[in-house]
K.L.:
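My structure is below; once you've seen it, I'll send some questions.
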Amino acid sequence: MKVIGLTGGIASGKSTISKWLAEHGAYIIDADKLGHRVYESGTEAFQKVVTTFGEDVVGEDGEIDRRVLGSKVFGNEAALKQLTDIAWPAIKDMAQAEIESILEAGQHDLLVLEAAVLIEANWMDIVDEVWVVTVDRETAIDRSMSRDSLDREAVEKRIDAQLTNEERSAHATVILDNSGSWDELRTGVSSAYKQVITTS
Ligand code: ADP
């Protein structure tokens with residue numbers, strides 16, 4: 001069973017591709033979901049966040065209040081780096097543990113780690129192949145504006161804060177371009193899927 005790291009920019013089509021792969025038997029690990037559990041009380045990351053950002057990030061329920069934490073890092077590059085330096089290695093450990101248990105169970109043809117920050121967070125070494133979804137800038141802007149109800153400026157800000165298609169593609173085993181139609185995407189994903197299944 002191969003382990004694929006699936007990455008791409010905002011509204012590139014990662015979730016759409018994961019859904020298609022899941023329907024064809026792949027097991028999906030969503031790094032965003034792991035990210036929601038990474039600072040649970042009792043974890044090492046929880047302690048580090050409290051030590052770094054102060055007791056006031058802990059809410060009444062004893063968990064990290066993401067809004068308070070978010071306000072501390074918003075627009076502050078150094079603080080954001082402190083936070084990702086805590087979160088990313090911890091999420092990587094969680095992902096690796098889940099990968100190992102799924103591989104051991106051996107019930108799936110393919111394992112996919114869907115992660116917007118796969119490359120930035122340096123998680124490439126826990127996957128066998130990196131699949132990069134690319135989309136042209138204007139299409140990403142249109143799709144994100146309509147999905148997320150954001151204005152153009154907000155979307156452009158997010159895109160500019162991320163790696164470019166070219167930077168991601170430099171790490172790719174497979175590049176899936178999703179600037180076209182649903183059918184074109186399905187054809188590309190289906191062929192990459194067949195290829196990886198027959199070589200694993
Ligand atoms: P990501 O998970 O990378 O943020 P999504 O898979 O959610 O991206 O796709 C972003 C948006 O674009 C969604 O609303 C999705 O339905 C839409 N979308 C994805 N691929 C296509 C396509 N080929 N044609 C039209 N819309 C698409």
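Keep in mind that the numbers below use all heavy atoms, side chains included, and drop hydrogens, waters and symmetry copies. In listed order, ligands and their atoms are each counted from 1.
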K.L.:
Can you pull out the closest protein heavy atom to atom 24 (N) of ligand 1? Residue, atom name and distance to 0.1 Å, please.
P.N.:
Arg143 NH2, 3.2 Å

K.L.:
Ser181 heavy atoms, cut-off 4.0 Å: which ligand 1 atoms fall inside?
P.N.:
23 (N)

K.L.:
Any side-chain donor-acceptor pair under 3.5 Å between Asp148 and Ser144?
P.N.:
yes

K.L.:
Would you check if there is a donor-acceptor pair between the side chains of Thr52 and Gln82 at a distance under 3.5 Å?
P.N.:
no

K.L.:
Among protein heavy atoms, which lies nearest atom 16 (O) of ligand 1, and at what distance?
P.N.:
Trp182 CH2, 3.3 Å

K.L.:
Is ligand 1 under 4.0 Å from a heavy atom in the side chain of Lys14, in the backbone, in both, or in neither?
P.N.:
both

K.L.:
Heavy-atom count around Arg158 CZ within 6.0 Å, excluding the residue itself: above 12?
P.N.:
no

K.L.:
Enumerate the atoms of ligand 1 whose separation from the nearest heavy atom of Gly180 is less than 4.0 angstrom.
P.N.:
22 (C), 23 (N), 24 (N)

K.L.:
Does Gly9 have a heavy atom less than 4.0 Å from any atom of ligand 1?
P.N.:
yes

K.L.:
Tell me whether Glu63 is salt-bridged to Arg37, with the criterion being a basic N under 4.0 Å from an acidic carboxylate O.
P.N.:
no

K.L.:
Counting non-hydrogen protein atoms only, what is the nearest one to atom 7 (O) of ligand 1? Give residue, atom name and distance.
P.N.:
Arg147 NH1, 2.8 Å

K.L.:
Starting from atom 23 (N) of ligand 1, what is the nearest protein heavy atom, named by residue and atom, and what distance separates them?
P.N.:
Asn178 OD1, 2.8 Å

K.L.:
Looking at ligand 1, would Ser144 count as a contact under a 4.0 Å heavy-atom criterion?
P.N.:
no

K.L.:
For Glu184 and Ser181, test the side chains for any donor-to-acceptor distance below 3.5 angstrom and give the result as yes or no.
P.N.:
yes

K.L.:
Between the side chains of Lys157 and Asp151, is the shortest nitrogen-to-carboxylate-oxygen separation below 4.0 Å, so that they form an ion pair?
P.N.:
no

K.L.:
Any idea which protein heavy atom is nearest atom 6 (O) of ligand 1, and the distance to it?
P.N.:
Thr16 OG1, 2.6 Å

K.L.:
Can you report which non-hydrogen protein atom sits closest to atom 2 (O) of ligand 1, along with the distance?
P.N.:
Ser15 OG, 2.6 Å

K.L.:
Should the heavy atoms of other residues, nucleotides or ligands under 6.0 Å from CD of Glu104 be counted, would the total exceed 12?
P.N.:
no

K.L.:
Please indicate whether any nitrogen or oxygen in Ile10 is less than 3.5 Å from any nitrogen or oxygen in ligand 1.
P.N.:
no

K.L.:
Between Lys72 and Asp56 (salt bridge meaning N to carboxylate O under 4.0 Å), is one present in this structure?
P.N.:
yes

K.L.:
Against ligand 1, does Gly13 come closer than 4.0 Å with any heavy atom?
P.N.:
yes

K.L.:
If you count every heavy atom of other residues, nucleotides or ligands that lies below 6.0 Å from Glu167 atom CD, does the total exceed 12?
P.N.:
yes

